[in-house]
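To keep things clear, I will list the structure first and then write my remarks on it.
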Amino acid sequence: MSELVQGSVASNFIKNIVAEDVRTGKVAAVVTRFPPEPNGYLHIGHAKSICLNFELADEFNGKTNLRFDDTNPLKEDAEYVQAIKEDVKWLGFDWDRLCFASDYFEEMYQRARLLITKGKAYVCDLSAERIREMRGTLTQPGQESPYRNRSVEENLDLFERMRKGEFADGAKVLRAKIDMASPNLNLRDPVLYRIAHAEHHRTGDAWCIYPMYDFAHPLEDAIEGVTHSICTLEFEDHRPLYDWVVRECEMENTPRQYEFARLNMTNTVMSKRKLKQLVDERIVDGWDDPRMPTISGLRRKGYTPEAIRTFAREIGVAKSNSTVDERMLEHFVREDLKLKAPRTMAILRPLKVVITNYPENQTEWLEAENNPENPEMGNRSIPFSRELYIEQDDFLEDPPPKYFRLFLGNEVRLKHAYFIRCEEVIKDADGSIIELHCTYDPKTKSGSGFTERKVKGTIHWVDAAHALKAEFRLFEPLVNETENESEESFLSRINPHSLEILQGYVEENLRTAQPYDKFQFFRHGYFSVDPKRSESDLAVFNRVVSLKSSFSLS
RNA sequence: UGGGGAGUAGCCAAGUGGUAAGGCAACGGACUUUGACUCCGUCAUUCGUAGGUUCGAUCCCUACCUCCCCAGCCA
């Protein structure tokens with residue numbers, strides 16, 4: 001287990017249960033599992049579950065398996081298992097065992113035969129529609145299938161022939177014989193096995209019958225010796241069936257299921273279906289598009305595993321539906337990057353400045369701290385000469401009150417350099433500002449101890465002659481929040497401005513920046529080098545998160 | 001209207017018979033060569049509502065209200 005994230009998880013109801021089970025000796029060793037279905041990429045909601053399972057087991061010196069719940073070949077793909085493994089590893093977790101539900105298909109089949117032998121399961125010839133019709137409703141009991149009382153021998157024979165592939169998809173299913181009048185719909189003779197003549201990404205065509213989640217999952221947990229099987233709230237209704245399967249299949253181990261509320265976050269979508277739709281319809285640039293809430297998207301955007309883990313720990317684990325403010329996630333990545341990322345200057349929207357009283361053909365090198373809050377990061381030298389770029393936002397012709405930046409006649413400090421005063425605004429024929437003429441005061445050099453007068457503002461800049469061209473990608477929420485979001489309106493809620501691409505400059509010493517290198521661009525925020533877009537001479541920086549700001553022009 | 005869950009601040013979330021932790025956000029102020037960071041302060045006389053038990057209730061009891069989940073051969 002990685003030591004990246006220190007400290008124990010705050011109290012939560014599941015941890016209390018585990019602690020009690022350990023204290024009373026109900027379980028000898030804690031075993032949890034993270035059981036994704038390989039039908040999509042992992043997202044921040046999965047991260048909550050991953051952290052819960054791994055950190056919980058770790059805290060009690062237990063084990064956690066990574067188990068692929070690959071019981072539906074129609075939706076699953078090997079591409080996803082690879083991506084999921086990478087994401088879990090990247091988050092910093094090491095699983096005890098790597099498991100696949102498909103490895104247990106034979107045992108599951110035998111357990112199903114046991115059920116049949118005990119008269120607890122039967123082969124049903126009803127169509128999917130008939131089964132649905134006969135299931136009853138929320139308020140009315142269901143009707144028993146006419147196939148419900150077939151003999152054990154006939155059931156065994158039919159089930160074996162299902163496995164052999166004698167029947168077409170949908171022709172027959174294996175059902176548990178429980179109670180068609182149960183108020184819990186899950187207990188109205190649930191389907192245990194269905195026929196699907198489909199290629200499975202691991203077992204190929206070895207099987208044409210596949211177990212349903214409700215049958216497979218408890219068996220998987222029991223087979224692996226999982227003690228605490230943690231899932232989300234919508235499975236609460238399934239718990240009686242979970243226990244029924246473990247009991248009736250006579251499993252040696254008796255795992256217990258506990259349910260917690262899945263993560264919802266403001267300004268994003270978390271359903272795999274919607275995320276897949278965004279990918280399939282090319283609305284985003286793949287599962288790892290920085291705008292996606294996927295682990296791979298967050299990674300590409302520049303998030304760190306530590307930030308995600310701390311977030312997962314701090315939001316807590318409970319049973320009430322909730323929506324966490326995305327600013328909480330942002331808070332933890334700022335906190336993590338604060339001491340880790342060197343601070344440097346980048347101009348996202350350049351405005352040229354000419355220091356008219358600075359000698360032409362002269363360059364001086366100024367000392368700059370890489371991170372004042374982390375002196376170990378040392379210093380660097382940055383060039384300063386007659387022509388610079390500053391941020392367009394840092395000059396206003398008609399400034400409002402309390403505007404501390406540059407305007408005609410005003411003086412500001414250039415970070416790490418000198419005070420400059422704006423003397424003249426140069427415009428083109430259209431009246432657009434093309435450059436500023438300023439003067440500097442040599443006495444005000446950074447570090448000189450100059451105190452004769454003060455300025456209210458300090459702005460960042462880069463030297464025009466040395467600056468490195470760069471591209472910046474700024475992100476906004478992919479979808480707009482609405483009061484009542486309906487499925488239909490999902491695509492109409494797509495934010496057309498979720499990606500903004502800017503061309504500007506960074507300090508020349510960023511020439512050697514590598515993919516995923518992170519920087520705090522002075523007064524802008526944290527940025528991370530994009531692993532895919534950064535071609536040889538044009539680095540692309542993704543904005544991880546902006547700096548907080550109490551300033552606004554409006 | 002059957003069954004299963006949940007209601008503690010704008011958002012998360014502890015607590016659980018003894019008088020409401022913490023985080024995010026927000027708002028003041030100090031500091032500041034980042035309008036950042038940091039620091040200080042403010043932010044629930046009240047825990048969905050109404051009754052009841054008790055010396056004392058967010059916690060126990062009763063009734064009610066609101067929200068979420070369940071009628072896939074998905075997970």
Side-chain angles (χ1 to χ4, degrees), chain A residues 10-13 35-37 39 69 71-72 74-76 124 126-129 131-133 135-142 169-175 182-188 190-196 209-210 212-214 216-217 231-240 259 261 263 265-266 272-273 311 313-332 334-335 338-339 343 345 368-369 372-373 402-405 412-417 419 444 446-447 454-460 520-525 546-552:
Chain A
S11 170
N12 66 61
F13 79 100
E37 181 188 14
N39 67 344
D69 209 359
T71 58
N72 184 358
L74 270 11
K75 293 187 175 177
E76 297 152 7
C124 181
L126 256 23
S127 67
E129 304 86 278
I131 287 179
R132 191 191 326 122
E133 289 163 12
R135 186 148 33 218
T137 67
L138 295 180
T139 52
Q140 293 172 300
D169 290 5
K172 286 177 167 41
V173 291
L174 182 73
R175 289 228 256 169
S182 172
N184 181 344
L185 292 300
N186 296 120
L187 265 22
R188 317 243 265 227
V191 171
L192 265 25
Y193 267 92
R194 77 286 213 177
I195 300 172
I209 57 172
Y210 293 92
M212 299 289 290
Y213 170 87
D214 283 321
H217 209 87
C231 64
T232 44
L233 252 27
E234 66 270 28
F235 292 103
E236 279 181 308
D237 284 347
H238 297 242
R239 198 187 326 129
E259 311 86 10
L263 171 67
M265 241 191 345
T266 56
K272 263 193 206 174
R273 209 208 89 235
F311 169 77
R313 192 149 14 84
E314 294 299 322
I315 56 176
V317 178
K319 296 193 74 153
S320 62
N321 293 111
S322 58
T323 302
V324 174
D325 194 323
E326 60 161 355
R327 289 178 297 184
M328 183 103 72
L329 216 208
E330 296 179 340
H331 165 78
F332 290 112
R334 283 193 193 100
E335 187 178 80
K338 185 167 58 192
L339 299 181
R343 301 178 186 186
M345 300 194 282
E369 311 166 279
E373 294 185 65
K402 302 241 177 110
Y403 183 79
F404 304 150
R405 285 112 96 144
V412 299
R413 171 181 289 286
L414 252 24
K415 176 73 178 175
H416 299 309
F419 284 10
T444 61
S446 185
K454 301 237 178 220
V455 289
K456 298 281 281 197
T458 296
I459 66 173
H460 58 279
Q520 184 198 106
F521 288 156
F522 215 66
R523 299 203 301 145
H524 280 301
S546 65
L547 253 26
K548 285 176 64 172
S549 173
S550 57
F551 173 77
S552 90

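Chain letters run A, B, ... following the sequence lines, proteins first, then strands; residues in each count from 1.
The structure places CD of A:Glu330 at 8.0 Å from CG of A:Asp325, a figure rounded to the nearest 0.5 Å. Atom CD of A:Glu314 and atom CG of A:Leu329 lie 12.5 Å apart (nearest 0.5 Å). For the atom pair A:Met328 CE and A:Glu326 CD, the distance stands at 11.5 Å (nearest 0.5 Å).
One N or O on the side chain of A:Thr444 and one on the backbone of A:Phe419 form a donor-acceptor pair closer than 3.5 Å. In terms of modelled atom types and a separation under 3.5 Å, the side chain of A:Arg188 and the main chain of A:Ser182 share a donor-acceptor contact. Formation of a donor-acceptor pair under 3.5 Å by the A:Glu76 side chain with backbone atoms of A:Asn72 is found in this model. Side chain of A:Arg334 to backbone of A:Ser546: a donor-acceptor contact under 3.5 angstrom is found. Side-chain N or O atoms of A:Asp237 include none that pairs as donor or acceptor with a backbone N or O of A:Asn184 at under 3.5 Å.
Note: NZ (A:Lys75) to C1' (B:C73) measures 12 Å, nearest angstrom. A straight line from CZ of A:Phe522 to P of B:U32 spans 15 Å, rounded to a whole angstrom. Straight-line distance from the CG atom of A:Asn321 to the P atom of B:U8: 11 Å, rounded to whole Å. B:C11 atom C1' lies 14 Å from atom CD of A:Glu330, rounded to whole Å. Protein atom NE2 of A:His331 is 12 Å distant from nucleotide atom P of B:A26, rounded to whole Å. The CG atom of A:Leu547 sits 14 Å away from the C1' atom of B:U38 (whole-angstrom rounding). Atom-to-atom, NZ of A:Lys319 to P of B:G15 comes out at 15 Å; the value is rounded to the nearest Å. Atom C1' of nucleotide B:G23 and atom CD of A:Glu335 are separated by 10 Å, given to the nearest angstrom.
Looking at heavy-atom distances under 4.0 Å, A:Ser549 makes contact with sugar-phosphate atoms alone, never a base. Across all strands, A:His238 comes closer than 4.0 Å to base atoms (heavy-atom distances). Residue contacts shown for A:Leu414 are absent, as no nucleic acid heavy atom lies under 4.0 Å away. Using a 4.0 Å heavy-atom criterion, one finds that A:Leu126 contacts the bases of the nucleic acid, with or without backbone contacts as well. Residue contacts for A:Phe235: at a heavy-atom cut-off of 4.0 Å it reaches a base atom on one of the strands shown. The residue A:His217 sits apart from the nucleic acid: no heavy atom pair falls under 4.0 Å. Among the heavy atoms of the strands, none lies under 4.0 Å from A:Phe311. Among the protein residues, A:Arg327 comes within range of the sugar-phosphate backbone only, with heavy atoms under 4.0 Å from sugar or phosphate atoms but none that close to a base. Here A:Arg135 lies in heavy-atom contact (under 4.0 Å) with sugar-phosphate atoms only. Residue-level contact check: A:Lys402 touches the bases, meaning some heavy atom is under 4.0 Å from a base atom. At the heavy-atom level, A:Gln520 lies under 4.0 Å from base atoms of the strands shown. Counting any heavy atom pair closer than 4.0 Å across all strands shown, A:Ser182 reaches no nucleic acid atom. Here A:Thr266 lies out of heavy-atom contact (under 4.0 Å) with every strand. No contact: A:Gly142 has no heavy atom under 4.0 Å from any strand.
Across all strands shown, B:C39 pairs with B:G29; the Watson-Crick or G-U wobble distances both stay below 3.5 Å. Applying the Watson-Crick and G-U wobble criteria (two distances, each under 3.5 Å), B:G22 pairs with B:C12. A 3.5 Å limit on both hydrogen-bonding distances identifies B:U62 as the Watson-Crick or G-U partner of B:A50. Base pairing of B:G2: its partner is B:C70, meeting the Watson-Crick or G-U wobble criterion (both donor-acceptor distances under 3.5 Å).
The existence of a salt bridge linking A:Glu37 and A:Lys272 is excluded, since no basic side-chain nitrogen approaches an acidic carboxylate oxygen closer than 4.0 Å.
For B:C12 and B:A50, the C1' atoms lie 29 Å apart once the distance is rounded to whole Å. Distance check on atom C1': B:U53 versus B:A75 gives 46 Å, rounded to whole Å. Atom name C1', nucleotides B:U62 and B:G72: the rounded distance is 40 Å, in whole Å. Nucleotides B:A30 and B:U49 are separated by 45 Å at their C1' atoms, to the nearest Å. A distance of about 32 Å separates the C1' atoms of B:U45 and B:C68, rounded to the whole Å. With P as the reference atom, B:G52 and B:U58 are 14 Å apart, rounded to whole Å. Distance check on atom P: B:C40 versus B:C24 gives 13 Å, rounded to whole Å. To the nearest whole angstrom, the two P atoms, one in B:G35 and one in B:G48, are 43 Å apart.
For A:His524 and A:His460, the ring centers are positioned less than 6.0 Å apart.
Nucleotide B:G51 carries an anti base; the chi torsion (O4'-C1'-N9-C4 or O4'-C1'-N1-C2) is more than 90° from 0.
The side chain of A:Thr139 sits closest to B:U1 out of B:C74, B:A36, B:U1. Between B:C37, B:A13, B:A75, one nucleotide has an atom nearer to the side chain of A:Asp69 than all others, and that is B:A75. Among B:A26, B:A75, B:C73, the nucleotide with an atom closest to any side-chain atom of A:Lys548 is B:A26. For A:Ala128, counting side-chain heavy atoms from C-beta on, the closest listed nucleotide (B:C73, B:C69, B:A13) is B:C73. Distances were taken from every side-chain heavy atom of A:Lys415 (C-beta onward) to each of B:A25, B:C73, B:U33; the shortest belongs to B:U33. Checking B:A13, B:A75, B:U33 against every side-chain atom of A:Ser320, the shortest atom distance belongs to B:A13. Here B:A36 is the nucleotide among B:A6, B:A75, B:A36 with the atom lying nearest to any side-chain atom of A:Glu373. With B:A25, B:G3, B:A14 as the choices, the nucleotide that has an atom nearest any side-chain atom of A:Pro183 turns out to be B:G3. Listed candidates were B:C69, B:C12, B:G5. Nearest to the side chain of A:Ile315 is B:C12. Listed nucleotides B:G35, B:C74, B:A26 differ in distance to A:Ser550; the shortest reach to its side chain belongs to B:G35.
Judged by distance alone, with hydrogens and angles left aside, A:Asp237 brings a side-chain donor or acceptor within reach of the base of B:G3, the pair sitting under 3.5 Å. Residue side chain A:Arg405 reaches the base of B:G35 through a donor-acceptor N/O pair under 3.5 Å, judged by distance alone.
In terms of phosphate contacts, A:Arg132 brings a side-chain nitrogen or oxygen within less than 4.0 Å of OP1 or OP2 of B:G72. Put simply, A:Lys456 has no side-chain N or O that comes within less than 4.0 Å of OP1 or OP2 on B:U33.
Put simply, A:Tyr213 does not rest on the base of B:A75: the two rings are not both less than 5.5 Å apart at their centres and under 30° in tilt.
Nearest-nucleotide mapping onto RNA chain B: of A:Gly136 and A:Pro35, the residue sitting toward the 5' end is A:Gly136. For the pair A:Leu138 and A:Pro36, nearest-nucleotide mapping onto RNA chain B gives the more 5' position to A:Leu138.
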